[in-house]
Every structure is written in structure tokens, then in C-alpha cells.
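Read the structure below first, then the notes.
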Amino acid sequence: MRVALLVALLSVAGPGSQLALAAGENAQNLPGLMTYQAPKFPIGLRGAKMGDGYVVITMTIDAQGQVSDSFALAANHDAFVQSATEAIADWRFAPTASTTAPRRETVEFEFKRLGVVTTLSHGESASAAFMSTNIERKTVQWHELDAEPKRIAARMPAVSKASLKKLGAKPLMLNYIIDDQGRVRIPVISESDDAELSERVLAAVRQWRYSSPLYKGKPMAVEVTRSLVLPQ
């Protein structure tokens, strides 16, 4: 289900202004969001005639409430991506004891010259947020690739015997993006009841490397969902 947050930051707010959202607003908007800084309309595009900007960006949030990584799913200009990326790097969320940290959230930014309108998407709607727009996609689905990228480095996680015994033969469901250079970005585990295991697995997955995914003959990021069975 999609949750919308409208934040209109007029130019009079000044550069670097922050919104400290009240508890009631947090509950209705992005879970745990404590400090929010809106992106700025890129200076280099203020005199351009391209019109409004649009970015869909997804991020991972660690257990300490910091944004650990982010990736643009769609955008109509790289300058808007850079502005959005720089802004959310400073967002802060309430710490969590979740065993599946980091969690992932997706944000849509619409850049207006007098402010920024932001909508937030959650759950399954997050991955579909950019599919309904005709703005240039930065990520494709696995079945759209010309050929499957090859995994050229895949160090398996060093997990304690206690965690392996607890997990048994149950597979871990991983979701991540392979960027156009073959690097793994924003990996998450959909379900786990062992925080130590999750941390070690994701640390290893972040080091995986692939050959560049190709879409219509050009390198293109791709979303991946894979099950991982750890050797006992």
C-alpha cells in the first residue's frame, strides 16, 4: 500500500534547512524518520528550459538509522539524481533492533523550481513505483536483459555454527541491484530471525561482483531476487 507524504519546501526556507518531523507525522509517513533534508533544485539547471525534475530513488537504512546506500531507479536528469542522493545521505531514522536490518525504502522526488514535492512508497509498491512512469529507467528487470551477467566474485559469508544450526536448510531470500559496473547495491534479506547472520551475509554479498548486465547492448543496472542456502 502506498503512503504519500507531501513536503513543500519553498525557496524562502533557505539552503540546508531541515525538517524535524513530529512523532505523529512520523507514524503517518516514513517509519522512524527523525531528520529530513530536502534536495535542492540543481543550480546548473535553474536557467534551463527542461521543466520540472523527477527522480525515484531507493535506499537501505541500517540498524543505527543511517542511510547506508542508495540507488536511482528512474530519473529525467543525472543532476536531479545527484541532488537527491546528497540530501538523503543526511537523513536520520530511529535506531532499530530488527533482525532483518537494513531495511529498504523508496522515495519519489518531483523537483519544482519553488520547492520539492516528495512521495514515499513502501513494501511491494516501492519496486513498482517507477514502473508506471515514462521517465527514463535506470534499472531493468532480470528477464529484460540480453543475457544473464556472470558472477565473477562470490565470497560466501563466515557464519557461526550456532547460526547455521538455527537456520538449518532454510534458504535466505536476497534482493539487490547489480549496477552497470557489476557491483552489488542495496542488498536486503526479506526475512531472518538472526541479526548476526543477516549482518554477516549482507557484508559478504556487498563484495560480490558480476560482469556488467547488458540491456539492448548497453550496460544497465538490474534488480535481482535470489535464494541463498548456506553450507552446513
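Not measured: the values here are computed from a predicted model.
- Within the 4.5 Å cutoff, side-chain heavy atoms of Leu230 are placed close to those of Val201.
- A salt bridge does not link Lys166 to Glu196: none of the charged side-chain nitrogens sits closer than 4.0 Å to a carboxylate oxygen.
- Taking the side chain as every heavy atom from C-beta outward, Leu172 and Ser227 never approach each other to under 4.5 Å.
- With hydrogens and angles disregarded, a donor-acceptor distance shorter than 3.5 Å links the side chain of Arg104 to the backbone of Asn175.
- Each of Asp180, Asp179, Asp78 was evaluated against Lys138; a single residue qualifies, Asp78, per the side chain to side chain donor-acceptor pair (under 3.5 Å) test.
- In this pair, Trp91 and Phe109 present their aromatic rings perpendicular. The plane angle is above 60°, beyond the 30 to 60° band.
- Side-chain atoms of Asp69 never come within 3.5 Å of backbone atoms of Thr60 as a donor-acceptor pair (strictly under, hydrogens ignored).
- Using a distance-only test at 3.5 Å, with no hydrogens or angles considered, a donor-acceptor pair links the side chain of Arg200 to the main chain of Ala158.
- With hydrogens and angles disregarded, no donor-acceptor distance shorter than 3.5 Å links the side chain of Thr139 to the backbone of Val222.
- Dense packing is recorded around CD1 of Ile152, with more than 12 heavy atoms of other residues, nucleotides or ligands lying under 6.0 Å away.
- Arg92 is listed as a side-chain neighbour of Gln66, based on a closest heavy-atom distance under 4.5 Å.
- At least one donor-acceptor pair closer than 3.5 Å links the side chain of Asp146 to the backbone N or O of Lys216.
- A donor-acceptor distance shorter than 3.5 angstrom exists from the side chain of Ser83 to the backbone of Lys40, with no hydrogens or angles considered.
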